[in-house]
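All remarks here apply to the structure that follows.
All values below come from the heavy atoms of this structure, side chains included, with hydrogens, waters and symmetry mates left out. Fair warning: this is a prediction, and the values are worked out from it, not measured in the lab. Nothing fancy with the numbering, it's 1 onward along the sequence.
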Amino acid sequence: DPGYYFPIDFDADTLVDDANETPQPGAVTLFSGGVDGSFTAWRHSRKMAGAGTQELRLGILNDGFERVSVERHDDFLKVIPAIQALADDIGLPLVVVRSNYRLIRKPEFVPRPFFLYATYLASLLHHFKGVAGTGLIASSPYYGAPLLPRNESNPMTDPLLSSTTMRLIHDGSCCRRINKQAALSAWPLFGRKLRVCWYPLPDGANCGRCEKCLRCMISGLVTAGEIPAGFP
């Protein structure tokens with residue numbers, strides 16, 4: 001993105017040599033009950049990622065990333081039991097991490113705040129390097145998507161946010177979103193508990209009207225012959 005991003009010089013008073021540190025085994029993954037994160041958790045928990053399969057140690061649900069978690073926090077809390085049920089169903093321990101990401105994501109500080117979210121998600125994973133040495137960021141675009149290198153989270157730049165003790169993997173770009181939803185149709189509970197809505201109802205349920213709900217409902221019809229039960 002010429003004209004917006006440019007090289008900068010930086011230095012530090014102290015450099016910490018971590019070359020001899022050993023990463024912990026296993027992986028942590030971001031998990032919010034949506035299609036992308038659930039596909040990553042499902043395929044790794046079921047050993048379906050081939051040679052790239054990771055041993056999941058923990059799922060991380062972030063309270064503070066989504067708009068509803070700040071503007072309607074009480075409503076956000078109502079969806080946690082559904083997400084917990086999904087995690088429990090695949091044997092994934094779940095922790096909730098609350099952050100102030102939305103509160104500092106203001107135009108006067110960041111002209112294009114949406115481009116920050118990959119580095120933000122990476123920062124969440126780095127907090128858990130004492131639990132596991134690999135962090136999974138579920139993909140949004142697939143490998144053939146237009147303008148893939150400019151997407152704020154992608155398989156080329158996400159791994160550059162790794163460290164000696166936390167290797168970051170952009171997971172799932174092998175599949176389009178509709179392919180992910182087709183795979184998830186084999187997970188019965190997911191269809192009942194999925195959470196994708198931009199504007200959830202006061203009880204936390206999917207509205208069934210917003211753009212994201214509609215495309216997930218249509219994908220369900222195309223891939224499984226029915227609208228997932230998690231929609232009205």
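In the hydrophobic clustering of this structure, Leu221 groups with Leu184; members are Ile, Leu, Val, Met, Phe, Trp, Tyr whose side-chain heavy atoms approach within less than 4.5 Å, directly or through other members. Under a hydrophobic clustering in which Ile, Leu, Val, Met, Phe, Trp and Tyr are joined whenever their side-chain heavy atoms come within less than 4.5 Å, directly or via other members, Val79 and Leu77 fall into the same cluster. The hydrophobic clustering, which links ILVMFWY residues whose side-chain heavy atoms are closer than 4.5 Å, places Ile90 and Met48 together. When the side chains of ILVMFWY residues are joined at heavy-atom separations under 4.5 Å, either directly or via intervening members, Ile227 and Ile178 end up in two distinct hydrophobic clusters. Tyr199 and Phe65 fall into different hydrophobic clusters, where Ile, Leu, Val, Met, Phe, Trp and Tyr are joined by side-chain heavy atoms under 4.5 Å apart, directly or via other members.
Residue pairs meeting the salt bridge (charged side-chain N to carboxylate O under 4.0 Å, His left out) criterion with at least one partner in residues 192-210, sequence neighbours excluded, are Glu66-Arg195.
A 4.5 Å side-chain heavy-atom check between Thr134 and Pro23 finds every atom pair outside the cut-off. For the pair Val97 and Phe128, the minimum side-chain heavy-atom distance is below 4.5 Å. The shortest distance between side-chain heavy atoms of Ser163 and His126 falls below 4.5 Å.
With rounding to the nearest 0.5 Å, the separation of CG in Leu194 from CG in Asn206 is 5.5 Å. Expressed to the nearest 0.5 Å, how far CG of Asp158 lies from CD of Glu152 amounts to 9.5 Å. Here CZ of Phe39 is found 8.0 Å from CG of Asn179. Values are rounded to the nearest 0.5 Å. In this structure, Asp171 CG and Thr29 OG1 are separated by 7.0 Å, a value rounded to the nearest 0.5 Å. Distance check, rounded to the nearest 0.5 Å: CD1 of Ile137 to NE2 of His170 gives 8.0 Å. Taken from CZ in Arg215 to CZ in Arg177, the straight-line distance is 5.0 Å, to the nearest 0.5 Å.
Although no hydrogens or angles enter the test, the distance criterion places no donor-acceptor pair under 3.5 Å between the side chain of Lys47 and the main chain of Thr53. Looking only at distances, a side-chain donor or acceptor of Ser162 sits under 3.5 Å from a matching main-chain atom of Leu168.
Nearest heavy-atom pair, Val196 versus Lys212, reported as atom, atom and distance to 0.1 Å: O-CD, 2.9 Å. Considering all non-hydrogen atoms of both residues, Leu214 and Gly208 come closest at CD2-O, 3.7 Å. What you find for Arg46 and Asp89 is that their closest heavy atoms are NH2-O, 3.7 Å. For Ile83 against Gly33, the heavy-atom pair with the smallest separation is CG2-N, 4.2 Å. Pairing each heavy atom of Ser153 with each of Tyr117, the nearest pair is CB-OH, 3.6 Å. Taking each heavy atom of Leu92 and Leu58 in turn, the nearest pair found is CD1-C, 3.6 Å.
The local environment of CZ in Arg176 is sparse, with at most 12 non-hydrogen atoms from other residues, nucleotides or ligands closer than 6.0 Å.
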Q: Could you give me the CA-CA distance, side-chain angles and deciding distance for Leu86 and Phe31, then say whether side-chain contact (heavy atoms from CB on, under 4.5 Å) is met?
A: CA-CA 10 Å; Leu86 285 174; Phe31 188 76; 3.9 Å; yes
(Q) Walk me through whether Ser139 and Lys180 qualify under side chain to side chain donor-acceptor pair (under 3.5 Å). (A) CA-CA 11 Å; Ser139 66; Lys180 294 179 180 181; 2.8 Å; yes
Q: List the steps, then state whether side-chain contact (heavy atoms from CB on, under 4.5 Å) holds for Gln84 with Leu61.
A: CA-CA 9 Å; Gln84 183 70 63; Leu61 169 61; over 6 Å; no
Q: I would like to know whether Tyr120 and Asn62 meet side chain to side chain donor-acceptor pair (under 3.5 Å); could you show each step before the answer?
A: CA-CA 11 Å; Tyr120 167 68; Asn62 182 228; 2.4 Å; yes
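Between Thr40 and the choices Leu136, Val35, Leu30, the side chain to side chain contact (heavy atoms under 4.5 Å, CB included) rule is met once, by Leu136. Of the residues listed (Pro228, Ser38, Cys175), the one engaging Gln181 in a side chain to side chain contact (heavy atoms under 4.5 Å, CB included) is Pro228, and it is the only one.
Ring geometry for Trp42 versus Trp187: interplanar angle under 30°, hence parallel rather than tilted (30 to 60°).
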Report, one line per pair, each donor and acceptor closer than 3.5 Å where one atom sits in a side chain of residues 12-21; sequence neighbours left out.
unit_1 : atom_1 : unit_2 : atom_2 : d
Asp17  : OD1    : Ala19  : N      : 3.0
Asp18  : OD1    : Thr164 : OG1    : 3.1
Asp18  : OD2    : Thr164 : OG1    : 3.3

